[in-house]
Amino acid sequence: MRNHDLHMLRPGDAGYDDARRIHNGLIDKHPSLIARCRTSSDVAAAITQSRREGLEVAVRGGGHNVAGKAVTEGGLMIDLSPMKEIEVDSSACTARAQPGLTWDEFNIATAPHGLATTGGVVSTTGIAGLTLGGGFGWLQGKYGLAVDNLVGAEVVTADGDVLKASEAENADLFWALRGGGGNFGVVTSFTFQLHPVSTVLGGVAAFPLAAADAVIDVFRRVAKEAPDELGVQCGFVTGPDAATKLVALPLCHCGELDQAEADIRPVREIGTPLLDAIEPKSYIEQNRQVDASFPAGALNYWKSAFFTDLSDAAARVLIESFEQCPSPMTACVIESIGGAASRVASTAMAYAHREPGFNLLLLSQWAEPADTEPNIAWTRETFEALQPHMADRRYVNYLAADDGGHTRDAYGANYERLVELKQRYDPDNVFRLNQNIDPR
């Protein structure tokens with residue numbers, strides 16, 4: 001049955017293949033219906049139709065999620081990508097944004113006001129999925145995670161009801177949305193707290209892999225001693241020649257430029273980098289700087305876990321494994337967690353992982369389907385070798401399609417409360433194409 005008020009795409013329709021494709025080219029699924037939504041009423045109608053016809057529901061925002069949960073085989077995809085409205089209230093320092101926006105589009109809208117909030121470090125990432133899972137970003141040390149800056153939401157539930165959620169209204173639902181990863185409904189509007197951010201000192205310094213021990217030592221020291229304004233990562237990447245393996249320190253300082261230079265002095269003093277692209281730039285530019293390294297349609301397979309401490313032994317495993325990495329497109333990223341993001345109580349919202357430390361992401365990426373098996377094997381072997389150094393915590397946004405057994409690790413001590421709220425808001429598990437919280 002066709003809902004004439006809702007733009008539906010079927011296999012063979014113009015635009016169907018573009019709409020079903022997501023960022024990870026390893027995922028190739030074919031929904032029977034794609035609902036191109038523009039309003040919360042469209043979303044409610046799509047949910048109602050899916051339930052009436054017994055169709056599995058997938059929800060697509062930006063489509064970046066590596067596990068491919070944004071698309072269903074044979075079910076109904078709720079496509080939110082047409083929903084791109086944003087309203088900035090510069091006096092209240094807030095922005096109300098629809099879920100089809102990417103972080104680049106969001107930043108472009110807030111930048112003229114000299115405002116920003118914590119968002120993804122790859123600007124083509126959608127705002128919706130990143131926020132609902134927690135939301136790492138360059139500003140997290142100063143202003144917390146993306147989810148810490150969410151102050152309100154509009155949600156369409158499994159029953160098709162449109163609810164407002166905030167600390168003052170449907171507070172339990174609001175608690176669950178902030179880290180629950182899309183288990184509780186389709187968010188059709190996000191209201192974010194904004195902060196004064198314009199020019200930052202940011203970029204990357206890259207060194208030969210042979211210098212990795214020294215670079216990691218500086219990275220650990222800076223991560224521990226840095227002021228809240230300075231965010232730093234350590235990345236293992238391959239240079240533009242597709243042969244030279246590098247260790248890099250991407251960073252962003254959102255404070256005063258003179259102080260920023262003083263705060264990054266340990267990085268400047270490591271030695272002569274093969275690349276030094278650290279300079280004053282707009283926050284928009286900072287968030288675009290690695291986009292070209294993560295092209296849409298590339299084949300992706302990720303593994304990720306937290307380290308409580310980045311030991312010398314863990315670093316040595318990572319260095320030696322990266323020397324054998326089969327794809328020049330792959331990146332191994334260590335993100336430091338601290339500052340404001342670590343000062344929120346673990347039970348304050350669904351996102352639970354507030355311990356200072358590090359998160360590891362093995363971001364395997366390649367171009368040719370024939371290379372899939374060796375790249376997945378390398379990723380799994382490297383992850384297995386690093387297991388003794390890992391904490392039993394996972395970041396929900398980085399879980400791969402075969403990581404479903406680690407759902408409890410993703411939600412931590414908040415899992416049981418999340419199950420209770422799932423039973424209330426989605427007892428039939430309509431929203432199950434995610435790192436699922438099973439209500440049964």
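Every heavy atom of this structure was used, including side-chain atoms; hydrogens, water molecules and symmetry mates were not.
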(request) Give a yes or no on whether a salt bridge exists between R20 and D28, defined as a side-chain N under 4.0 angstrom from a carboxylate O. (result) yes
(message) For D312, is there an ion pair with R220 - N to carboxylate O distance below 4.0 angstrom?
(response) yes
(request) Flag the pair Y395 / F306 as yes when at least one side-chain heavy-atom distance between them is below 4.5 Å, and no otherwise. (result) yes
(message) If I take atom CD from residue E256 and atom CD from residue E261, how far apart are they, to the nearest 0.5 angstrom?
(response) 13.0 Å
(request) To the nearest 0.5 Å, tell me how far Q140 CD sits from S336 OG. (result) 7.0 Å
(message) Taking ring pair (Phe, Tyr, Trp, His ring centres under 6.0 Å) as the cut-off, I'd like each qualifying pair that reaches into residues 232-276, sequence neighbours left out, listed once.
(response) F236-F322
(request) Verify, without hydrogens or angle tests, whether S321 (side chain) and L318 (backbone) share a donor-acceptor contact under 3.5 angstrom. (result) no
(request) Identify the heavy atoms of F190 and P99 that sit nearest to each other, and give their distance. (result) CE1-CB, 3.9 Å
(message) Checking the side chain of T117 only, and the main-chain atoms of Q193 only, is there a donor and an acceptor separated by less than 3.5 Å?
(response) yes
(request) Looking only at non-hydrogen atoms, find the nearest pair between L130 and G120 and report the distance. (result) CD1-CA, 3.7 Å
(message) Over 60° means perpendicular and under 30° means parallel, so tell me whether F136 and Y351 are parallel, tilted or perpendicular.
(response) perpendicular
(message) Show the nearest heavy-atom pair for residues K281 and G203, with the distance to one decimal.
(response) NZ-CA, 3.7 Å
(request) Compute whether any side-chain donor of one residue and acceptor of the other, for D291 and S123, lie under 3.5 angstrom apart. (result) yes
(message) Please give me the minimum heavy-atom distance between I27 and G68, naming the atom from each residue.
(response) CG1-CA, 3.8 Å
(message) Restricting to non-hydrogen atoms, name the atom on L80 and the atom on G61 that form the minimum distance, rounded to 0.1 Å.
(response) CB-CA, 4.5 Å
(message) Closer than 3.5 angstrom, by distance alone: can the side chain of H30 be matched with the main-chain N or O of D17 as a donor-acceptor pair?
(response) no
(request) Kindly compute the distance separating CG (L101) from OG1 (T125), expressed to the nearest 0.5 Å. (result) 13.0 Å
(request) Using the side-chain contact (heavy atoms from CB on, under 4.5 Å) rule, pick out the option among L433, N24, I22 that qualifies with V71. (result) I22
(request) May I ask you to say whether R96 pairs ionically with E154, meaning some side-chain N is under 4.0 Å from a carboxylate O? (result) no
(message) Within this structure, what is the CG-CG distance for the pair L145 and L150, rounded to the nearest 0.5 Å?
(response) 12.0 Å
(message) How long is the straight-line distance from CZ of R178 back to CG of N149, given to the nearest 0.5 Å?
(response) 11.0 Å
(message) Rounded to the nearest 0.5 Å, what separates atom NZ in K224 from atom CZ in F358?
(response) 9.5 Å
(request) Could you tell me whether K303 and D402 have a side-chain N and a carboxylate O separated by less than 4.0 Å? (result) yes
(request) Give a yes or no on whether a salt bridge exists between D438 and K422, defined as a side-chain N under 4.0 angstrom from a carboxylate O. (result) no
(request) Provide the closest heavy-atom pair for W103 versus G126 in the form atom of the first, atom of the second, distance. (result) NE1-O, 3.4 Å
(request) Would you check if there is a donor-acceptor pair between the side chains of T188 and S40 at a distance under 3.5 Å? (result) no
(request) Determine the sole option in N359, N65, V333, L362 for which the side-chain contact (heavy atoms from CB on, under 4.5 Å) test with Y398 is passed. (result) N359
(message) Could you tell me if R36 and S81 have a donor-acceptor pair between their side chains, going purely by distance under 3.5 Å?
(response) yes
(message) When you compare the side chains of T102 and D104, does any donor N or O come within less than 3.5 Å of an acceptor on the partner?
(response) no
(request) Would you confirm whether the ring centroid of W175 sits within less than 6.0 angstrom of the ring centroid of Y425? (result) no
